Amino acid sequence: MSLTSIAAIACQLQTQPGWEGVRDWGLIVTAWKATVSPTIAERSQPRSIARGILKIATNSSSLAHQLTFGRQALCQQLNTHLVTPIDELRFVAVGYNSSQSSTQTAIAIESIPIDSGEIVICSHCHCRARQGELLRWRVCKFCAIDLGIIGGKLRIKS
């Protein structure tokens, strides 16, 4: 019996039917890093794609605003690296996860109860939300799901 490396197994899996999305997403992430400058690549991340619209999370609203002005040129440059073209780019200032964030901050944020605090307005969808949701995700729980910040299943307290 011979041992097969994890990389070889991953390559074999990605060639299987049904894994096209994983391959395409990997191409998108790689193409984004090749399209933008290293500084912007450090401060932004592709987060989701739906109906030809690629959402890119940035670490600041000013960067999201700045990138929005050049989104058509960026989209054209990005499409030169992709098999399936992107129709549009949208930039959001939520959902960016820095790999250099401290563990203590992550633990502190995770310990905030999402159903705590007063009712406030979500900055993304302008709907009512609990203050705890905005402290944890910077958006309401429904926007957090839509933006891919949290998984699709909500835990409802009984």
Side-chain angles (χ1 to χ4, degrees), residues 10 14 19-156:
Q14 289 183 8
W19 284 79
E20 297 86 8
V22 174
R23 271 195 316 268
D24 292 347
W25 186 252
L27 285 173
I28 289 170
V29 171
T30 305
W32 177 251
K33 290 178 182 177
T35 301
V36 297
S37 70
T39 305
I40 292 176
E42 282 179 14
R43 299 178 59 203
S44 61
Q45 300 168 337
R47 299 303 294 168
S48 65
I49 185 165
R51 295 181 222 102
I53 300 170
L54 177 63
K55 287 187 182 177
I56 308 284
T58 63
N59 68 347
S60 71
S61 58
S62 61
L63 179 60
H65 189 70
Q66 179 185 5
L67 291 172
T68 299
F69 286 116
R71 71 180 181 266
Q72 290 177 338
L74 280 173
C75 190
Q76 289 174 350
Q77 290 174 344
L78 188 64
N79 283 336
T80 62
H81 299 283
L82 300 175
V83 177
T84 306
I86 303 288
D87 297 328
E88 186 179 341
L89 295 174
R90 291 204 183 142
F91 300 96
V92 293
V94 293
Y96 176 81
N97 295 322
S98 172
S99 60
Q100 298 173 350
S101 63
S102 70
T103 307
Q104 291 177 340
T105 305
I107 292 170
I109 289 172
E110 286 298 317
S111 65
I112 297 171
I114 60 172
D115 57 352
S116 67
E118 60 188 57
I119 301 293
V120 293
I121 302 298
C122 173
S123 60
H124 187 68
C125 68
H126 306 291
C127 293
R128 295 171 43 163
R130 290 284 186 175
Q131 190 174 20
E133 296 172 18
L134 298 184
L135 289 172
R136 185 181 278 190
W137 302 307
R138 297 185 183 164
V139 291
C140 71
K141 61 186 165 192
F142 300 107
C143 289
I145 292 170
D146 186 44
L147 295 169
I149 298 169
I150 59 174
K153 294 182 180 178
L154 290 178
R155 293 184 203 148
I156 299 175

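Keep in mind that the numbers below use all heavy atoms, side chains included, and drop hydrogens, waters and symmetry copies. Since the structure is predicted, the reported quantities are computational estimates derived from the model, not experimental observations.
With sequence neighbours left out, the salt bridge (charged side-chain N to carboxylate O under 4.0 Å, His left out) criterion links Arg90 to Glu88.
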May I have the list of side-chain donor-acceptor pairs in residues 27-37 shorter than 3.5 Å, sequence neighbours left out?
from, atom 1, to, atom 2, distance (Å)
Thr30, OG1, Gly26, O, 2.9
Trp32, NE1, Ser44, OG, 3.0
Thr35, OG1, Ala31, O, 2.6
Ser37, OG, Ile40, N, 3.3

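Between Thr68 atom OG1 and His65 atom NE2 the span is 7.5 Å, to the nearest 0.5 Å. Taken to the nearest 0.5 Å, the CD atom of Gln45 stands 10.0 Å off from the OG1 atom of Thr58. Once rounded to the nearest 0.5 Å, the distance linking CZ of Phe91 with CD of Gln66 reads 10.0 Å.
A pairwise comparison of heavy atoms in Arg51 and Asp87 identifies O-OD2, 4.0 Å as the closest pair. Across all their heavy atoms, Cys140 and Cys125 have their closest contact at SG-SG, 3.7 Å.
Other residues, nucleotides and ligands place more than 12 heavy atoms under 6.0 Å from the NE2 atom of His81.
Pro46 places a side-chain heavy atom less than 4.5 Å from the side chain of Leu54. The shortest distance between side-chain heavy atoms of Leu78 and Leu82 falls below 4.5 Å. Under the 4.5 Å side-chain criterion, counting only non-hydrogen atoms from C-beta, Ile86 is in contact with Ile49.
Side-chain polar atoms of Arg43 and Ser60 form a donor-acceptor pair below 3.5 angstrom.
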